[in-house]
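Below is one structure, written out as structure tokens, with a few remarks after it.
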Protein chains: 2
Amino acid sequence: MFLVSLIPIRPEGSSGPPSERSDAARNRERLLQAARELVAERGVDAVTMDMLACRAEVGKGTVFRRFGNRAGLMMTLLSDAEAEFQQRFIFGPPPLGPGAPPVERLMAFGEARIRYIDKYGELARAAEHSPHNRHAAPPALLWHRHLEMLLREAGVDDPWLMASFLLSTLDPERVLYALRSQGVEAARIEAGWREFAGRLLGCPPGAK
Amino acid sequence: MFLVSLIPIRPEGSSGPPSERSDAARNRERLLQAARELVAERGVDAVTMDMLACRAEVGKGTVFRRFGNRAGLMMTLLSDAEAEFQQRFIFGPPPLGPGAPPVERLMAFGEARIRYIDKYGELARAAEHSPHNRHAAPPALLWHRHLEMLLREAGVDDPWLMASFLLSTLDPERVLYALRSQGVEAARIEAGWREFAGRLLGCPPGAK
DNA sequence: AGACTAAACGGACTACGGTCCGGTTTGTAT
DNA sequence: ATACAAACCGGACCGTAGTCCGTTTAGTCT
């Protein structure tokens, strides 16, 4: 046991950023585990930051230092799923990944995103419920850049703006309203999005 | 003075809803005036409900009984502008009002809405910042029904869903992010929306 | 005028997100 | 081992939206 501690676990050389202190790491693990438990037990919307601090046996300040705010916490809980989603649309197989024509990639992107929202529901909504900089969060910027690129490839004017429009369409709050409050099935929303994207990029409306 | 009170001011017959009590009316006026003053002085986002209650010399409970929540208050402040907007797209002259083809009415609707958001800014955003039932608020339902009708006229499949997509595009928070944080000019957003709507309804992209 | 009731009032109270800062712990240099 | 600085910790504290309930008041009926 003590031998292990003699071997540098993360030998990142001398220039690396000062690695995380052990107590900080321990608290982060505690917090993440407590957060997952609480979410599983009581649902995302019922979890408060005080509750989390208490369950993790940690001060409230520690929670906020770690995650910034409530949305940051939820984002962290989603980070694995989010990373996987990003991998898929950047490096994965077509039609979501590179190789397919822009229209199809666009359709696949919306479809994947709608499934993501359907799957992670409240969590996805809470992760984007940041008071100020929702749209400036790294994932949102990445999605935006991706759509912008696809639209530029497709020869659309003002791809930046069009990407914004399309992204607003995939806002978790809106999608969840349709799914949960209005009882619309996910398949219908996905089909609608495909038609939306198809029409936008000038595909014959009837074409599959 | 006492003679006036003998004459029924609102002779709505016996079946009308019990009219508002005089103290309630007085407090409502006080609250609205105070709210307008505070918004003018300090900006929408800096106005708190306590502040408003204090300025209007009224209890906090009265504020919430009247408006339900913060969003309701802001909605009330916007009600004149909102009513006028509704009149325009329901009864007004084309292309916003009836008489023009659906595509053009759609373009005009988005354009008008973007101008509205640009004009009322923070207020429009705050009015839609209701914790739960944003999309079920009467104005949002009306906009949705209107777009749905236009899309149905235009022969779109699933007009309900398409109307939802289009409305999400006009979300005040998103539009204001582009306008204020990204420095996009209103004209560019309006032009983008026209192109968006045009492509969606199958108009030749280049057509004015 | 006096009594009565339903509506309205007001402000103390709660819940929650987020901040602040004095005290503690960790890793390191000597 | 000891000293030290930086990073970290915890929980008291704050501001705000929204609720609750005992008290007051406007309008009505006799």
Side-chain angles (χ1 to χ4, degrees), chain A residues 5-6 8-12 14 16-31 34-35 38 42-75 126-127 129-134, chain B residues 2 4-12 14 16-31 34-35 38 42-75 126-127 129-133:
Chain A
S5 65
L6 291 182
I9 306 289
R10 233 187 295 171
E12 303 185 9
S14 57
S19 67
E20 188 177 41
R21 251 172 61 170
S22 65
D23 54 345
R26 172 179 48 92
N27 281 340
R28 203 193 45 234
E29 285 316 308
R30 269 195 200 166
L31 280 168
L38 284 171
R42 324 173 60 130
V44 173
D45 294 347
V47 174
T48 71
M49 303 302 264
D50 291 273
M51 203 183 287
L52 172 59
C54 180
R55 169 74 67 107
E57 290 174 299
V58 143
K60 203 177 176 182
T62 303
V63 181
F64 281 90
R65 192 168 338 98
R66 197 68 65 202
F67 303 111
N69 55 29
R70 212 185 115 94
L73 164 68
M74 302 307 178
M75 194 62 116
H129 196 66
S130 184
H132 295 294
N133 54 353
R134 285 173 55 184
Chain B
F2 60 92
V4 173
S5 64
L6 293 182
I7 303 167
I9 305 291
R10 234 187 294 172
E12 304 186 9
S14 55
S19 67
E20 189 178 39
R21 248 170 63 167
S22 65
D23 53 346
R26 173 179 46 92
N27 280 340
R28 203 192 48 234
E29 286 314 309
R30 271 197 199 164
L31 279 168
L38 284 171
R42 323 173 62 128
V44 173
D45 294 348
V47 175
T48 71
M49 302 301 264
D50 291 272
M51 204 184 285
L52 172 59
C54 180
R55 169 75 67 108
E57 289 175 299
V58 142
K60 203 176 175 183
T62 303
V63 181
F64 281 90
R65 194 170 335 98
R66 196 70 65 206
F67 303 111
N69 54 30
R70 213 184 114 95
L73 165 68
M74 301 307 179
M75 195 61 116
H129 195 67
S130 184
H132 295 294
N133 54 353

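We name chains A, B, ... by the order of the sequence lines, and we start the count at 1 in each one. Note that the coordinates shown come from a computational prediction; the quantities given were computed from them, not determined experimentally.
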Kindly state which residues belonging to residues 45-52 of chain B come within less than 4.0 angstrom of DNA chain C, counting heavy atoms of the residue only, listed by number. none
Atom-to-atom span, NE2 of A:H132 to P of C:dT19 - whole angstrom: 9 Å
At less than 4.0 Å, is any side-chain N or O atom of A:N27 found next to OP1 or OP2 of D:dC9? Yes or no. yes
Quick one: B:E20 CD to C:dC9 C1', roughly how many Å, whole number? 14 Å
Taking atom C1' of D:dC9 as reference, at what distance in whole Å does atom CZ of A:F67 sit? 15 Å
Spell out yes or no: do the side chain of A:R21 and the base of D:dA7 have one donor N/O and one acceptor N/O closer than 3.5 Å? yes
If the cut-off is 4.0 Å, is A:T62 near the phosphate of D:dG10, judged by side-chain N/O to OP1 or OP2? yes
Record whether the side chain of A:K60 comes under 3.5 Å of the base of D:dA12 through a donor-acceptor pair of N or O atoms. no
Can you see if the side chain of B:R66 gets near the phosphate of C:dC9 - specifically, an N or O under 4.0 Å from OP1 or OP2? yes
Look at the side-chain N and O atoms of B:R65 and state whether any lies under 4.0 Å from the OP1 or OP2 oxygen of C:dC9. yes
Counting heavy atoms from C-beta on, name the nucleotide in D:dA17, C:dC9, C:dT26 closest to the side chain of B:D23. C:dC9
Indicate whether OP1 or OP2 belonging to D:dG27 is found under 4.0 Å from a side-chain N or O atom of B:S22. yes
Rounded to whole Å, please give me the gap between CD in A:E29 and P in D:dC8. 15 Å
Could you state the CZ-P distance from A:R28 to D:dG10, rounded to the nearest angstrom? 15 Å
